[in-house]
Amino acid sequence: MAKKVLMCGNEVLAEAAIMAGCRFYAGYPITPQNELPAYMSRRMPEVGGVFIQSESEISAINMVFGASLRGTRAMTSSSSPGISLKQEGISYLAGCELPGVIVNVMRGGPGLGNIAPSQSDYFQATKGGGHGDYHQIVLAPASLQEIVELTMLSFDLADKYRTPVMILGDGILGQMMEPVELEDSVERTADSEKKSWILDGCKGREPRKIRSLLLEDGSLETFNRKLQKKYTEIKDKEVRCEILYGDDSDIMVVAYGTTSRISRNAVEKLRSKGKKIGLVRPISLWPFPEKELRRIAEKVKSFLVVEMSCGQMIEDVRLSIDCKKPVHFYGRSGGGVPTEDEIIKEVEKIV
Amino acid sequence: MKEEIIFAGFGGQGIMLMGKAFSYAAMNEGKNVTWMPSYGAEVRGGTAHSMVVISDSPIASPVVREPSICIVMNKPSLQKFEPKMKPMGTLIINKSLVEVKAKRDDIDVLEIPATDMALKLGNPRVSNMIMLGALLARKDLLPIGSLSHSLKDVIPGHHHNMIAINEKAIMEGYKYGSRQICPKSNR
């Protein structure tokens, strides 16, 4: 077992990316994710990678585009306002079927908002964000150990499906420290030779092209059908979620990331009082655990969605279960963080 | 066991380091622990604080709203956090820099002249470790030796020559805290 260390979430994510073979990072500073580029600026030169503090968020995402084009595992990170600026580039990654990992350490919005933790970019992350008929895989860790796991997975999924992947955290996960094990033995690198599509000079082979501009009659529709087929495969294979007390609960709390940690403790406290409460924790926010929720909806009386937003994931919960059971909501916004007691109170109201 | 702790003082007093040293010690003792900084627009000379939760069971949120323990290194921190403390909590005050008394009578208060004691040791910057030593004397959270062990993890390599004086500071704080036997007589 690797030695436990204390690092903040932003640093853990950066180190996990390097372990996953990320060798290109570009980003522009913004709180509460600054420890990530700071760490990368020190570590990337040590592993023979490239760190660039770009002149803007837009250039950073386009640098990721460029590095990915060449087969390099590439990442950028920012926080909410900065992620808004990256949306065009993410749409281009999707349109060119290029892998890339984008980290959003969410803060309060809209606008410049504040620097406190938030989960109010759920819509933006899961419903497109940029223009066009595309999706990105969205993974939401709830602990620093899971940041390690999901960061490494992000690079694998991005390459496997040639798609942008977003890691969706928040200011708490980015800033907090807790014990984490980094397995230093399993370092991976991007195997660019296996990527048959990269642009690395066409000497001795047919030229390739990568573009998202498809003007010929019908060609874009054909391409979009192909993209949708890929998304269907991702929906079939890449749903991840954790279910606690799924078989004997009257009320299921649904929460992801930081709020799922708090909800879990609330659920355990209620259980110890004999209340039949469970927890669904979506780990992949897109694809969303629709089938799992539908199955649970057969057994439970109602749901309680807890978010650090004014209600975003709740829409996916309702859609998943075809509104067959009541879905209640408890949210804090603009930097508010729900407490265990607040969640318990909400559950007791429903009971 | 679960304690929610706030370490607070001026930026530059080693507030973040104090919390990290404690957290490392807690981790090495097999406890669940989280550390979270106040990451607002703090600057050197302004007030800063870090939040530490230590528990035998998994920790939900690293955010501390009602601390059960407060370590305050300056007056603004006392004024900010004393009203938020849980009843029966423990408040440790750096008497050297805080000339006022705590107001609450439902908490345990320990005053310690940490900055003066640090100056006597030869470096005012180790007042944070004196406070930590006093905390462990007052509350049986971790073995005192675990703190000294954590120093090498939180003090950067080029400052490892400072470990000895930090260890001494921890012991001085611990001795001072141990001498104040009955919490009630302290109020």
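Within every chain, numbering begins at 1; the chains are lettered A, B, ... in the order of the sequence lines, protein sequences first and strands thereafter.
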| Under the salt bridge (charged side-chain N to carboxylate O under 4.0 Å, His left out) criterion, do B:K101 and B:E111 qualify, and how do the steps go? | CA-CA 9 Å; B:K101 295 274 175 189; B:E111 294 178 337; 3.1 Å; yes

| field | Top contributor to chain B interface from A:S143, A:A266, A:P117 [non-hydrogen pairs under 4.5 Å] | value |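 The candidate making the most pairs under 4.5 Å is A:P117.
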
| Picking from A:E178, A:E268, A:M176, A:R264, which has the most non-hydrogen pairs under 4.5 angstrom with chain B? |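 With the most close heavy-atom pairs to chain B, the winner is A:M176.
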
| message | For A:Y256, does the six-membered ring have the charged nitrogen or CZ of A:R281 within the cation-pi criterion, i.e. under 6.0 angstrom from the centroid and within 45° of the normal? | response |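 Here A:R281 fails the 6.0 Å and 45° test against A:Y256.
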
| message | Using heavy-atom distances under 4.5 Å, tell me whether B:V63 contacts chain A through its side chain, its backbone, both, or neither. | response |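 Answer is side chain: those atoms of B:V63 sit under 4.5 Å from chain A.
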
| message | If I measure from the heavy atoms of chain A, does B:D153 come under 4.5 Å with its side chain, its backbone, both, or neither? | response |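 For B:D153, side-chain heavy atoms alone lie under 4.5 Å from chain A.
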
| message | Test your reading of the model: is there a side-chain donor-acceptor pair from B:S96 to the backbone of B:D116, 3.5 Å cut-off? | response |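 Present.
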
| query | Do B:N32 and B:S55 get their side chains close enough for a donor-acceptor pair, meaning under 3.5 Å? | reply |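 No pair is found: no donor N or O on one side chain lies under 3.5 Å from an acceptor on the other.
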
| said: For A:E340, which atoms come within 4.5 Å of any heavy atom of chain B: side chain, backbone, both, or neither? | reply: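 For A:E340, the side chain is the part near chain B, not the backbone.
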
| Of A:K349, A:E342, A:E307, which meets side-chain hydrogen bond (donor to acceptor under 3.5 Å, both in side chains) against A:Y330? |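 For A:Y330, the side-chain hydrogen bond (donor to acceptor under 3.5 Å, both in side chains) test succeeds with only one of A:K349, A:E342, A:E307, which is A:E342.
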
